[in-house]
Every structure is written in C-alpha cells, then in structure tokens.
Number of protein chains: 2
Amino acid sequence: MTATRMTRQRREILDALDTRDFRSAQSWHEHLRSEGSTVGLATVYRALTALADAGEVDSVVSESGETLYRRCEAGEEHHHHLRCRVCGRAVEIDVPSFESYAAAIATEHGYAEISHTIELTGVCPACAARDRG
Amino acid sequence: MTATRMTRQRREILDALDTRDFRSAQSWHEHLRSEGSTVGLATVYRALTALADAGEVDSVVSESGETLYRRCEAGEEHHHHLRCRVCGRAVEIDVPSFESYAAAIATEHGYAEISHTIELTGVCPACAARDRG
DNA sequence: AGCGTGACTGATAATCATTGTCAATAAGGA
DNA sequence: TCCTTATTGACAATGATTATCAGTCACGCT
Ligand SMILES: [Zn+2]
Ligand SMILES: [Zn+2]
Ligand SMILES: [Zn+2]
Ligand SMILES: [Zn+2]
C-alpha cells in the first residue's frame, strides 16, 4: 500500500539539504542545479512538502510568507530556532518553560487543538561582519 | 513634509478594523464591500501595510503565508496572541519571562538585531461548537 | 470660496511563490 | 525481463500581493 520510491531526485534532494541553513524550495532548487543536478522545481516542492509532513525536515514561514526548509538534527523532537534572517543559518533552541505555559493559557481561554510558534530571528556573526565590510 | 491625508477610504478602513478578529487584506476588503463601501482592494492593501508599519495595527503571518491584520487593544506595546485558526478571533496574551530569555539566548549565540515571534493558534469555543453542531 | 499641487484612489496588469496537469519515465516486485 | 504505477518535469494555472498610471480630491494658501 505504502509505496514511496527512492528515486535519484529524492536522493539528491536529501543529500543537498543540510542542517545548517533554512532555505526556500526555490533556493534549494537553484543550489541543486548549480551542483549539476537536473531535478525539476516541482519535484523539489513536492519532496520538501512531503518531507515536512513526514517530520523529516523542519519548515518555518518567514516574515515575507515564504516557507523555508532544512534537515532536522538526528532524532527529532519538538524544538524551536534562532535563525539568521540574512543567510538562513540557524541553531536549535529549546524553551522549556514555555511548552506547559502554552497549553495552560490556551485551555484557560477555551481554545482546543493548540499549536504554537516560537521563532527568534537576528543577524548571525558572519553576516554582521560582512555588513561592516 | 509629512503628508498623510485623511480620506473617506482610510476612515472607512479604520472604522471597519476591529479588535477581535485577525483577517487578511482581502477579507477586510470583502467585509467593507458587503457594508456598502466602494473602496478598492489595492487601497485596502496600502492602508493596512501603512498602518502596520506605523504600529497602529498588528499583523501576523498565518501558517499558509497570508498576512492577517487587526487593530489591537494594547496600543503600541509589544505583545502576543492566541488566535483561532478558523475564524481569526484572537485574545492577547503575555509571556512574562520570555522577553529577557530571548535576548539572552540570542547574544549567547552571537546574533544581533534580534526579534521574535510567539503565536498560539487553536480552535475557539464557538468554532469548536459549530464543528460538532 | 476658489486654486494648485501632489498625495491618494481604483481598475488593471504584473510579479512571485506555490500548486495542478498530464504525457513520459523508471522504481521495484513478480 | 515485464508490468504496474509512483514519480518526474515542462508548463499552465492559481492566489496573494505589488506596481502602474491616469483621474480624483484633501487641504494649505490666498
Ligand atoms: Zn547570516
Ligand atoms: Zn514549543
Ligand atoms: Zn495584538
Ligand atoms: Zn473561531
């Protein structure tokens, strides 16, 4: 019944994704092409959304509304990020006290099916240095 | 030098925005039209982005990438929301300990110009009831 | 009250990210 | 190898947002 096939394209995409930078589907596609891959844009979109649904990659929606992806660190659990808004480089952070607080405040207001978003963005040391020249 | 003029359209838009629901520009436009206004879609977009830039309305980016707006109770002050992902109804929450925590963890990683996003989403009591109805 | 200027408006075209279409291709089990 | 069908990729289509630009009107000034 299940039937997920391991194709050349999927292997290429998995290989390209790293755990350092958050990039858009279009950006990953460009990156793959520049490395010689011939993978199509639609395929990159399909693979990334599928991987995100499967929880194998992280996705965040940027301030401008683009969806950004990166591969998770091994063995994924719920976590949040501190991301560079210039280059996409990100580190994972955890916000221990918030997790329970979120549930409490939500039920207090009668809201169900709660989910939450916590993202920190800034300019990483490398990009800050580059700015100064 | 400054030159922001109070037009009929801007007055209508300001009047329409309420402090209860987060809606997209298109949704506010529909709402205005249904009330008899003849305001154009582009004008609604322009007014909302201007108001958001001026800090007079809050804007959040939804999971699907749409930008949602509403007028807020807390004036200019920084705050966060618990929003219904079905109807947009939202309440303001505060996350007391987080503000300083965000700054600390960011500088710890060398990131500058920090900003953060915290949004809770769920299904409000009214929408939950309607689901069952 | 009348005038002039430039900010504002609205219909529409353009843009941009993302999704849908569909014929051709190629995993992977028999 | 052969068959079934998931997958691919070029391209069209969508949907939100932004840019154009000619016509309009707010508002300071006389
Ligand atoms: Zn950076
Ligand atoms: Zn969390
Ligand atoms: Zn608010
Ligand atoms: Zn609701």
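A, B, ... follow the sequence lines: proteins, then strands. Residue 1 opens every chain. Here the structure is a predicted model, which is why all the values come from computation and not from measurement.
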**Student:** Which listed nucleotide (dA11(C), dG10(C), dT19(C)) is nearest to the side chain of R33(B)?
**Tutor:** dA11(C)
**Student:** Is the distance from OP1 or OP2 of dT7(D) to the nearest side-chain N or O of R10(A) less than 4.0 Å?
**Tutor:** yes
**Student:** In whole angstroms, how far is the C1' atom of dG10(C) from the CG atom of L48(B)?
**Tutor:** 16 Å
**Student:** CD1 of I93(A) to CD of E119(A): how many Å apart, nearest 0.5 Å?
**Tutor:** 7.5 Å
**Student:** Rounded to whole Å, how long is the line connecting atom CD1 of I13(B) with atom P of dT9(C)?
**Tutor:** 7 Å
**Student:** Expressed as a whole number of angstroms, how long is the span from E30(B):CD to dT17(D):C1'?
**Tutor:** 15 Å
**Student:** Rounded to the nearest Å, what distance is computed from the CD atom of residue E12(A) to the P atom of nucleotide dT8(D)?
**Tutor:** 10 Å
**Student:** What is the separation between atom CZ on R11(B) and atom P on dC8(C), rounded to the nearest whole Å?
**Tutor:** 14 Å
**Student:** By nearest nucleotide on DNA chain C, pick out whichever of L41(A) and R8(B) is the more 5' one.
**Tutor:** R8(B)
**Student:** Look at Q9(B) and dG10(C) and indicate whether a side-chain polar atom (N or O) is within less than 4.0 Å of OP1 or OP2.
**Tutor:** yes
**Student:** Whole-Å distance between dT19(C) C1' and H29(A) NE2?
**Tutor:** 15 Å
**Student:** Taking N and O atoms by type only, does the side chain of R5(B) place a donor or acceptor under 3.5 Å from a partner on the base of dG28(D)?
**Tutor:** no
**Student:** Please determine, for the side chain of T49(B), which listed nucleotide (dT18(D), dG9(D), dT19(C)) has the closest atom?
**Tutor:** dT18(D)
**Student:** Hey, could you give me the CZ/CZ distance between R20(B) and R23(B), rounded to the nearest 0.5 Å?
**Tutor:** 7.0 Å
**Student:** Is the phosphate of dT18(D) approached by Y45(B) (side-chain N or O, under 4.0 Å from OP1 or OP2)?
**Tutor:** no
**Student:** Within this structure, what is the CG-to-P distance between L32(B) and dT9(C), rounded to whole angstrom?
**Tutor:** 13 Å
**Student:** Taking the six-membered ring where the residue is Trp, are the ring centres of H78(B) and H116(B) under 6.0 Å apart?
**Tutor:** yes
**Student:** Anything under 30° is parallel, anything over 60° is perpendicular, the rest tilted; go ahead and classify Y101(A) against F98(A).
**Tutor:** tilted
**Student:** So, OP1 or OP2 of dT9(C): does either fall under 4.0 Å of a side-chain N or O from T7(B)?
**Tutor:** yes
**Student:** I need the CE-P distance between M6(A) and dT25(C), as an integer number of Å.
**Tutor:** 23 Å
**Student:** Has T67(A) got a side-chain N or O lying under 4.0 Å from the OP1 or OP2 atom of dT18(C)?
**Tutor:** yes
**Student:** Please check this pair: side chain of H29(B) against backbone of V39(B), looking for a donor-acceptor N/O pair closer than 3.5 Å.
**Tutor:** yes
**Student:** I want to confirm an ordering. Mapping R46(B) and A42(A) to their closest nucleotides on DNA chain D, which one lands closer to the 5' end?
**Tutor:** A42(A)
